[in-house]
Structures are given as structure tokens and as C-alpha cells.
Amino acid sequence: MNRHYLILSGLVVLGILYPQAFPGYLSVAITLLLFAGWATAWDILGGWAGQVSLGHASFVGLGGYFVAVGASQYGIAPWWAVAMALVAAAVLAYLWGRLTFKLTGPYFTLSTIAIAEILRLVAINEGWLTGGATGVFIMSLPEPFGLDLFARQTNYYLALAFAALTVLTVIAMSRNKFGYQLRAVREDEDSAMASGINPTTVKLKAFMLSGALTALGGGIYAIFLSFLEPHVIFYLLLSVQIALTAIIGGRGTIWGPCVGALLVVGSGEVFRTTFAEANMLIYGLLIMLVVMFLPRGIVGEPARYLIRRAYAKRAQS
Amino acid sequence: MPSALKADGITVQFGGVVAVDNVSLDVQQGTILGLIGPNGAGKTTLFNALTGFVPLKAGRIALHGQDVTHLAPHARVRAGMGRTFQTERPFEELTLLENVLVAAFLREPKRRHAEQLAMQVLEQVGLADRHDQPALDLNLARRRRLELAKALAVQPRVLFLDEMMAGLNPPALKEMIGFVRELAAQDLTIVMVEHIMEAIIELSDHVIVMANGHVITEGLPREVIEDPRVITAYLGED
Ligand SMILES: Nc1ncnc2c1ncn2[C@@H]1O[C@H](COP(=O)(O)OP(=O)(O)O)[C@@H](O)[C@H]1O
Ligand SMILES: [Mg+2]
């Protein structure tokens, strides 16, 4: 068995025990787990397929709004709302990819910014559905098996399951055909085509999977917040934070986005209380430092060094 | 003998420049076609046109009787074409095995089977003992062999080799000639662009000579090389 599965199992066990050990720190742990999951999902497109998106807040918002509007307006249970959100996210990713994958490099990235902007405008203008600029409250939710979905502890376990699912997906993907197709397309599209790979199809699949998983986290986020505002959820800052988390940790690595979440959310807590408005400045500095000194991220850089050193050693002997 | 690759009136234009002008060819299954000509003659462009990497202005291409003129490059690979690039293009972040695995997945979707196929191909080109080395650190001769392995792992019926021999030292050259001969013996059809005359003479069943986008002559390797038009085309280059 792959050692990554073992590491994940270990972390999940720790995660299950965490609320007993630190019952007072659930909210920050939920944020951390959501970011770990979002960054991991983002990385399927941004790291593994090499298509940097600055629009993933769209998928968070889509998941969130389906759950919130479903619950408040139509009495749809959150699991059905999430299921619909996953489909909607995949469709959105498909359409957006069809339109923009012809654009290369930074142009694709720039175009993704528009996705969240458009959805934000829709959320603001279609008030009959979304509550408009004031947002939407989740007043009540069903209680499956007597479970209070609003309880912090429930939120926590949902977030844990979400983060674990995304990492599990990436571990499985990293070894299979799809994972190799993604890496090939990222490195060299012509060479990938010479291996019989259709780069557009592969990138579309990555975008759809990435978007759907992100929306799943968005649904959990909505329950955690129990209140959604378009300005907050379809916000460029959220997209940037998700991307940064993965980039700082290490794009295209299994654990990089999780390590990134630990750093970004952890330091974010410190920065927010210590630096208040300078928050964004610190983010900016952080990404500059990583890009300058660790272009492959905190996990990517040493991993690569170790692989090459191990090989060089063996080649000598 | 059945025709493996048939191209009619291939024409490629870049802006105002006609890089390939009305070139036709017909390659029999299991034979080797050598494509020679001075630099800038249009050999690589013809290659790219046949494999789908540049759009045609005119012409038709059939692979084992199947019209592939309008297929995308990856679809032509699926239909049975394999190609190398003149400047090798390994996936540098991946190991040798993974590089070949990417291609092997085309015919073997299961990891275990794809890995078996990839190892088999690496053995064929003599890189098996280095399979877990990162592709980044390879020397030229090994990069070429990896490029060949990647092209073979898609299990092509027609293989396109673009200057696989250029810059190799004599032992590596001999080895590469050996690989190609072995492949043709296994009934693979090969189209190769080559500057090294030794390789062309030893390997080709038929040679096409290009200059300025045109075919200036074709025939058996020995005949073609002594053709005064070919000598002029090459000397005129300097
Ligand atoms: N992508 C391109 N855009 C414009 N001109 C090109 C391109 N590729 C090749 N050419 C031109 O087409 C001609 C043929 O080039 P090429 O096929 O590379 O020749 P060869 O492989 O025989 O050396 C040259 O004049 C070259 O400058
Ligand atoms: Mg050339």
C-alpha cells in the first residue's frame, strides 16, 4: 500500500480525536480543514494540470448558495443541494474551460477572475432567489439521525471528511492514468499529444473535478457560517487565498496544499489579530518570498531535492 | 505490399512562405523511408503536417487506408502514428519510467499493465536500469533513446523519427541504427528525417530528397546520393 494512504489515515485519526483535545479551538480548525480541502481541490487544476485559477471562490460560492438558498427558500436538504451544486460546478467548469482553455498562460488565469465577478453580480441582482446584496440566512436544517448540523462539532467533522476526501482523491489520482495525463499536459502539451493525450479534454476534466470538489467544501462552509453574503463569498480575496495556500505549500504535490493551509490559516490568525489591515500586505510578502526562494513551494522544493539526491547517491555506488 | 502511409499534395504555408509545396509520398508497411535535404528544406514541417502538428493548406493523408487528414495530433497517435521531436521533449519533472508510462497508458489504462509495457520499452532501448532516474539529468544519447521509448510506448504502426542520430558519437550512432533496424524488422513502418548519410544508406528502403519545400528527387539511397541535383542542393547551402 502507498505510504500516502497511511499518512492520511494517521492524520484522520488525529483529526477525529482533535475536538476532545482542543474543544475550544474548533472554528480555526474548521477554517484550516476547509482551506486544506479547497487548496487540494484547486491544485488538481492549478498544480497537477498547471492551469492557475483565480476564480475558485466561484465554486465555493456555488456550493454555499445551493445549500443556503435550498434550505431557506425551497426546504431542500443540504445533501441534495450539495449534489446539485456539484453538477452545477462541473457544468460551470466545463463551459468556462471550453471558452478559455484556448488562452495560454496568464490569460487563462485572468479570465478566471471574471467567473466569480459574474456570479457575484448574479447573486446581487437576482435578489428573489439569492437574497441580493444583503445575503441569505440558513434558519433551519434537517437533523439526520438526530444530528445538529449547526453544531460546531458537526461542522468540524464535515470539514474533516471534506479535506480527507480531496486528499484521498489526489492520492489515487497521482498514481493513475489521469494523474499522469495531467502532469504531461502541464509540462508540454505537444509532447502530451505525441503520447496520444488530448490536452483540452484532460484540462476540462481537471477543471470539472476541481470545481466540483471545491463546491462540496463550499456547501459545508455555508452551514458553518449559516449566513452568506455575495461580497464575502464571491470575493477575489478568497480565490487568491485558495490559490496562495496551494502555491505556498507546493503545487502539484500531494501534501503541499495541506501544509500551505496550516501556514496560511495559522499565520492568518496571528496576522489578523496583530496586523489587522496589513493582512493583505503580509500575504503579498509571503507569496513573494516563496516564489523567489522556493518556487516549488514548501513541500515541493525539498521533495525534489531528496529525490535527486537519492538517485545521485545510488548512481555513484 | 499494403500502403501504411499515403500522403497526396501536402502543402503547408507559414504566412507568405510555402514551407512544404505539394509533396506526395507512399510508404509500404514494414519499410523505412528516409527524408533528406538541406536545412530549411521543410522536412520537419512535412513531419509536423503528417502528424497533425501544423495545419495543412492542401493535401490528404491516409494511415493504413484510414483518412486522417482532419484528425488532431493526439487522435492520429491513437490511430497508429508515433513521433519523436527534433529537439527531444521529455517530461523533465518525471522519471524515465513515468515518461514512458504517460505514453503506455494510451493502450493500457491499468497502471500495472501500463508499467509492464513501459518497462518493456525501456528495456528495448536500453534504459531499464535507469528507470527511476529523473529525466532532467540525461545526456544527449539517453535523451534520444528516451524520446524513442516514448514514441514506441504508444505502440505505433507508423513511426516518425526526426533527426534521431544528429550529434551522437559513433558508438551511440551505431546503437541507434541498430534500434531502428530492429524496429523495421518487427514490421513497423518508419519515416525518418536524417542528416547522417551513413544512417540513411544503411537503413532506408527508399529516400526522398527535399529542397525549398519541394521534392527534388527520390529513389534508392545509393542512386539518390549520387544524383547531381542532390549534390547541388547540399553544396548550394554553404
Ligand atoms: N512555425 C513556423 N513559422 C514560420 N516559419 C516556419 C515555421 N516552421 C518552419 N518554418 C520555416 O519553414 C521552412 C522549413 O523549415 P523546417 O521544416 O524546419 O526545415 P528542415 O526541418 O528541413 O530543416 C524554413 O524556411 C523555416 O524557417
Ligand atoms: Mg528539421
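Here is the naming used below: chain letters follow the sequence lines, and residue numbers restart at 1 for every chain. Below, each value reflects all heavy atoms present in this structure, side chains not excepted, and no hydrogens, waters or symmetry copies.
Looking at B/Leu94, the atoms closer than 4.5 Å to chain A (heavy atoms on both sides) sit in the backbone and in the side chain alike. For B/Glu147, no part sits under 4.5 Å from any heavy atom of chain A, backbone or side chain. Looking at A/Asp188, the atoms closer than 4.5 Å to chain B (heavy atoms on both sides) sit in the backbone and in the side chain alike. Proximity to chain A is limited to the side chain of B/Arg111, based on heavy atoms less than 4.5 angstrom apart. With a 4.5 angstrom heavy-atom cutoff, B/Phe91 touches chain A via backbone and side-chain atoms both.
A cation-pi arrangement is present between B/Arg83 and B/Phe85 under the rule of less than 6.0 angstrom and at most 45 degrees off the ring axis.
A centroid separation of less than 6.0 Å is found between the aromatic rings of A/Phe101 and A/Phe108.
Between the side chains of B/Thr84 and B/Lys150, no donor-acceptor pair of N or O atoms lies under 3.5 Å. For B/His64 and B/Ser3, the side-chain atoms include no donor-acceptor pair closer than 3.5 Å.
A salt bridge links B/Asp8 with B/Lys6; the closest basic N to acidic carboxylate O contact falls under 4.0 Å.
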